[in-house]
Q: 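Right, I'll just put the structure down here and ask away after.
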Amino acid sequence: IFFVGLFLYPSDKSDPVKLQESLVGFLIWFFSVNVISESSATISEEKQIGTLEQILIKPAGIVRVLVSRSVCWTLVGAVENGALLCVIFLTTGVSVPFAWEFIPIILLTLMGLYGFGLILAGLTIIFTKTASFGSIIQYFLLFFTGSVARVENFPLVLRLIAKSLPLTNGIALAQSVIRNDLGFAEMVRSPQFLALSASSACYFAIGLLVFSRVYAKARRLGITKSY
């Protein structure tokens, strides 16, 4: 229903650039947000089948295992995104914008969202029911990052929160590439690229720190040995 409303009946059919910007924002969200819940889903599944402790004692380390699985699912998501692009083109006739500059934008955005995923994964080690939080975060990011509505129209507090998020900065930068036809050198020098790099690095570091602290606490309490 959301897809039909956004692309089959856009609010401004006379401006193809705005429609392309909305399309890029939605596709980046669709491609990226699954990494938020993937790590926590992995830990939840291992807890249910009783193999979590075997994962935790692997030489590679639990963080590397979680990130590796998230990367694999990201590649699966790329295939799904390709299928969605075909559906959008066939049903709407809207030309699907693509620029090589989107690749570093998506990679940086994913790094920040991996941080969210590590925070949820840490909570999943201690608590059982965290899947709903992943869904809530995913749809929060859909409506409050510029995917379907302009951040400039938000109230001040929401606008400040939104502009601190990696996905918001990634979408804004991708839309700027379309709107201003930015090349790679121009994109890297832009303030939006700096904001994306800083927010993604910050959220990934916070996620790694939170997961490490929670994991260490869980080991001290012997929680991990219960699975």
Side-chain angles (χ1 to χ4, degrees), residues 28-78 80 104-142 144-145 147 160-171 194-227:
I28 291 177
W29 171 84
F30 182 80
F31 180 69
S32 304
V33 292
N34 286 334
V35 304
I36 294 175
S37 57
E38 178 53 38
S39 294
S40 61
T42 296
I43 289 181
S44 180
E45 181 182 355
E46 299 295 340
K47 286 172 66 174
Q48 290 176 8
I49 63 179
T51 57
L52 178 60
E53 189 174 5
Q54 284 71 30
I55 297 293
L56 296 176
I57 62 176
K58 284 188 174 182
I62 181 63
V63 173
R64 188 175 298 179
V65 170
L66 293 176
V67 172
S68 298
R69 291 192 179 188
S70 294
V71 169
C72 291
W73 280 107
T74 299
L75 296 176
V76 173
E80 294 176 346
I105 292 173
I106 291 174
L107 292 177
L108 283 172
T109 302
L110 287 174
M111 183 178 73
L113 294 181
Y114 282 142
F116 281 101
L118 288 172
I119 293 173
L120 277 180
L123 294 176
T124 306
I125 291 177
I126 297 180
F127 305 105
T128 303
K129 303 294 184 181
T130 59
S132 58
F133 287 103
S135 300
I136 291 171
I137 292 174
Q138 287 177 356
Y139 286 102
F140 172 85
L141 292 175
L142 173 62
F144 293 99
T145 58
S147 302
L160 292 175
I161 294 173
K163 289 187 175 181
S164 71
L165 300 173
L167 188 57
T168 305
N169 292 310
I171 290 172
L194 178 60
L196 172 60
S197 302
S199 62
S200 291
C202 182
Y203 274 98
F204 183 78
I206 291 172
L208 192 59
L209 177 63
V210 170
F211 180 84
S212 299
R213 293 289 180 87
V214 172
Y215 175 51
K217 181 178 181 180
R219 295 196 67 174
R220 286 197 305 270
L221 296 176
I223 294 176
T224 57
K225 296 181 180 179
S226 302
Y227 303 99

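Position 1 is the first residue of the sequence; numbering continues from there.
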Q: Which heavy atom of Asn169 sits nearest to which heavy atom of Ser199, and what is that distance?
A: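 Residues Asn169 and Ser199, closest heavy atoms: ND2-OG, 3.2 Å.
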Q: Indicate the atoms forming the closest heavy-atom contact of Ser164 with Tyr203, along with that distance.
A: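 Scanning both residues completely, I find the closest heavy atoms to be O-CE1, 3.0 Å.
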Q: At what distance, to the nearest 0.5 angstrom, does CG of Leu120 lie from CD1 of Ile137?
A: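 If I round to the nearest 0.5 Å, the distance is 4.5 Å.
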Q: Under 6.0 Å from the OH atom of Tyr139, do we count more than 12 heavy atoms belonging to anything else shown?
A: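 Not buried by this count: 12 neighbours or fewer within 6.0 Å.
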Q: Once side chain to side chain contact (heavy atoms under 4.5 Å, CB included) is applied, do any residues pair with Ser197, and if so which ones, sequence neighbours excluded?
A: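 Testing Ser197 for side chain to side chain contact (heavy atoms under 4.5 Å, CB included), a comparison that skips the adjacent residues, returns Leu108, Phe193.
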Q: State the CG-OG1 distance between Leu196 and Thr109, to the nearest 0.5 angstrom.
A: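 The distance works out to 4.5 Å.
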Q: Enter the distance from Thr74:OG1 to Leu107:CG here, rounded to the nearest 0.5 Å.
A: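 Going from OG1 on Thr74 over to CG on Leu107, the span is 9.5 Å.
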Q: Rounded to the nearest 0.5 Å, what separates atom OG1 in Thr124 from atom CD1 in Ile119?
A: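 Answer for the OG1-CD1 pair, Thr124 versus Ile119, is 11.5 Å.
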Q: Can you name the side chain to side chain contact (heavy atoms under 4.5 Å, CB included) partners of Ala162, sequence neighbours left out?
A: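 Applying side chain to side chain contact (heavy atoms under 4.5 Å, CB included) to Ala162 gives Val151, Phe154, Thr168.
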Q: For Leu194, which residues count as a side chain to side chain contact (heavy atoms under 4.5 Å, CB included) partner, sequence neighbours excluded?
A: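 Partners of Leu194 by the side chain to side chain contact (heavy atoms under 4.5 Å, CB included) criterion come out as none, since no residue qualifies.
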Q: Would you say the side chain of Tyr114 lies within less than 4.5 Å of the side chain of Val71, judging by non-hydrogen atoms?
A: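 Val71 vs Tyr114: side chains touch.
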Q: Rounded at 0.5 Å granularity, tell me how far CZ in Phe116 sits from CG in Leu165.
A: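 Phe116 atom CZ to Leu165 atom CG measures 5.0 Å (nearest 0.5 Å).
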Q: Hey, could you give me the CZ/CD1 distance between Phe211 and Ile125, rounded to the nearest 0.5 Å?
A: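 Separation between the atoms: 4.0 Å.
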Q: Using side-chain contact (heavy atoms from CB on, under 4.5 Å), reason through Val210 and Leu118 one step at a time and then give a plain yes or no.
A: CA-CA 8 Å; Val210 170; Leu118 288 172; over 6 Å; no
